Structures are given as structure tokens and as C-alpha cells.
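Contents: one structure, followed by commentary.
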Amino acid sequence: MPTHFGEHPLPRAFYERASAAVARALLGQRLVRVLNGRRLSGLICETEAYGGATDQASHAYRRTPRSAIMFGPPGIAYVYFIYGMHHCLNVVTECDGYPGAVLIRSITPAEGIECLRENRPGVADRYLADGPGKLCQALAVTAPLNGIDLTRNSELFITAGAQVDVQELVVTPRIGVRGDEETRTRPWRFVWQPTSHPVRPDPRGETSSNALV
DNA sequence: TATACGATCACCT
DNA sequence: GGTGATCGTATAC
């Protein structure tokens with residue numbers, strides 16, 4: 001795949017679909033961050049889909065100034081601050097006017113590992129970007145990147161990465177969400193677990209299934 | 001204006 | 001497996 005000048009970010013049409021479809025399709029794609037002239041990247045290996053008024057776990061369950069971005073055009077980054085110290089990176093999905101987003105929960109470092117190490121001092125390579133807050137720290141994704149267009153070749157974008165085989169796909173309920181039974185059990189977390197190299201086990205032990213594949 | 005808490009992480013036992 | 005850190009945001013008053 002192209003890793004040089006002129007590579008094409010995934011087009012807006014990629015994101016203009018149902019959140020769960022985008023969450024599934026993002027597995028294996030390459031998240032690229034250009035920081036101080038250095039290029040960092042990783043392959044997306046864990047995502048979660050979030051919806052609108054019928055998804056009690058979503059920020060867009062109610063429209064507020066913060067969640068308004070989820071109602072806008074797809075392909076835009078939604079970065080928010082949580083627990084007083086972490087950032088989370090999302091991609092807006094669905095048509096303009098209809099809310100949706102995908103939370104990127106973890107990546108496998110691919111380029112610029114030295115820089116990721118600098119951003120996460122004292123952390124073993126295996127844990128550099130294996131969580132939503134961790135990957136934001138590793139890639140220096142913070143509030144100023146909120147609203148950036150991921151379909152443009154700039155500081156943050158996503159390009160085509162690896163093919164993810166169905167055999168390597170795990171689908172589970174989302175982590176740490178509240179709400180009614182339907183919201184809590186909705187199978188909207190997608191994990192890429194290449195059989196060749198083990199990925200971390202399910203962090204909270206919820207049952208997994210390939211039912212949605 | 002005030003208050004409670006979260007789409008988390010790291011460090012403790 | 002338990003919990004403190006730490007603050008923007010939403011919501012209640």
C-alpha cells in the first residue's frame with residue numbers, strides 16, 4: 001500500500017454508512033498521524049459503533065453542544081476528553097443530519113514507534129496503543145484535532161490497510177456502557193484478532209461471538 | 001452557580 | 001479486583 005507522498009485517505013463515502021458497518025470496515029485500516037513532520041501510524045484493531053436517539057450509550061442520545069458534531073457530515077474526527085485525563089478518538093458516520101460515530105479503541109503500531117515510545121514513556125511496546133486513551137496519548141491526539149476532516153491528507157487521516165479475514169473477527173457488546181438491556185447487549189464492538197499473533201484477551205471477559213459476521 | 005460523574009488508565013493488593 | 005487521579009460536560013437548582 002502507498003506510504004509515500006500522494007497516498008489517498010479513505011473517501012467520505014466510506015464513512016457514510018451505518019455505524020456498525022463502518023466500525024467493522026475500519027478494522028485493519030491504517031490510522032495516520034503526522035506530528036512535527038514525523039509520520040506515525042497503526043492498524044486499527046478494535047472499534048465500537050455508536051448511534052443516535054435509539055442508542056442510550058451514545059453521546060448523541062441527546063443532542064448537546066459537544067455531541068452536535070456527531071450529527072454533522074461523516075468522515076470528521078470527534079475527539080473528546082474524559083475522566084479528567086484521557087482523550088478518545090471517534091470518526092463521525094452516517095449521513096449529514098443523522099448522528100453516528102465509531103470509537104477507535106486500539107491500534108497496532110506500524111510506523112514511528114520511537115515517537116510513540118516518547119509519547120508513552122516507560123510503557124512496554126505491547127501496551128503503547130492498546131486502549132482508546134492510550135492510542136490518543138501515543139499519537140498525541142488531543143482536543144485541537146476535534147473536527148478535523150479525516151478524508152484529507154493532513155495531520156490525521158485514515159488510509160487503506162490490511163484485509164481482515166472473517167476468521168479473525170470477534171464481535172462483542174461494548175465496553176463500559178450503561179443503559180437498558182438492548183443498549184448494553186448490542187453487539188457493536190469489533191476486534192481484529194489475527195490468528196498469527198495473539199492480541200490481548202477480552203479485557204472484561206464478556207462473551208464474544210461471530211454472529212454478526 | 002453547583003454538583004455528579006464518565007465510551008479510562010495505571011498502580012495497588 | 002479494587003480504586004484514585006482529575007476535569008469537561010451535562011443537568012439540576
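First the proteins, then the strands, lettered A, B, ... as listed; each starts at 1. Because the structure is a prediction, the values reported are computed rather than measured.
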Could you check which of [options] has an atom nearest any side-chain atom of [X]?
{"X": "A:Y80", "options": "C:dT11, B:dC9, B:dA7", "result": "B:dA7"}
{"X": "A:R66", "options": "B:dA10, C:dT9, B:dA7", "result": "C:dT9"}
{"X": "A:M85", "options": "B:dA7, C:dA5, B:dT8", "result": "C:dA5"}
{"X": "A:R120", "options": "B:dA10, B:dT8, C:dT11", "result": "B:dA10"}
{"X": "A:R178", "options": "B:dG6, C:dA10, B:dA10", "result": "B:dG6"}
{"X": "A:F81", "options": "B:dC9, C:dG8, C:dA10", "result": "C:dG8"}

Aromatic ring pairing A:H87/A:F81, orientation class (parallel under 30°, perpendicular over 60°, tilted between):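 Because their plane-to-plane angle lies in the 30° to 60° range, the rings of A:H87 and A:F81 count as tilted.
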
Please list, by residue number, the residues of residues 135-143 of chain A whose heavy atoms come closer than 4.0 Å to an atom of DNA chain C; answer none if no residue qualifies.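 Listed by number, there are none.
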
Report yes or no: is the cationic atom of A:R12 (NZ for Lys, CZ for Arg) under 6.0 Å from the centre of the six-membered ring of A:Y15, at an angle within 45° of the ring normal?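 Not flagged: A:R12 not positioned over aromatic ring of A:Y15.
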
Please confirm whether the backbone N or O of A:R62 pairs with a side-chain atom of A:S67, one donor and one acceptor, at under 3.5 Å?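 Side chain of A:S67 to backbone of A:R62, a donor-acceptor pair under 3.5 Å: yes, one is there.
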
Taking 4.0 angstrom as the limit, do A:R38 and A:E118 come out as a salt bridge?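 Yes, this pair counts.
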
Can you tell whether the side chains of A:D130 and A:R126 come within less than 4.0 Å, N to carboxylate O?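 A salt bridge is absent here (no side-chain N lies under 4.0 Å from a carboxylate O).
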
Give each protein N/O atom lying under 3.5 Å from an N/O atom of nucleotides 11-13 of chain B, with the pair distance.
none

Side chain A:Y83 and base C:dA5 donor-acceptor under 3.5 Å: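 It does not, because no donor-acceptor pair links the side chain of A:Y83 to the base of C:dA5 below 3.5 Å.
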
Can you tell me if CZ on A:R152 sees more than 12 non-hydrogen neighbours from other groups inside 6.0 Å?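 No.
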
Note, DNA chain B 5' to 3' with Watson-Crick or G-U pairs under 3.5 Å encoded as ( ), [ ], | and . gives ||||||.|||||.

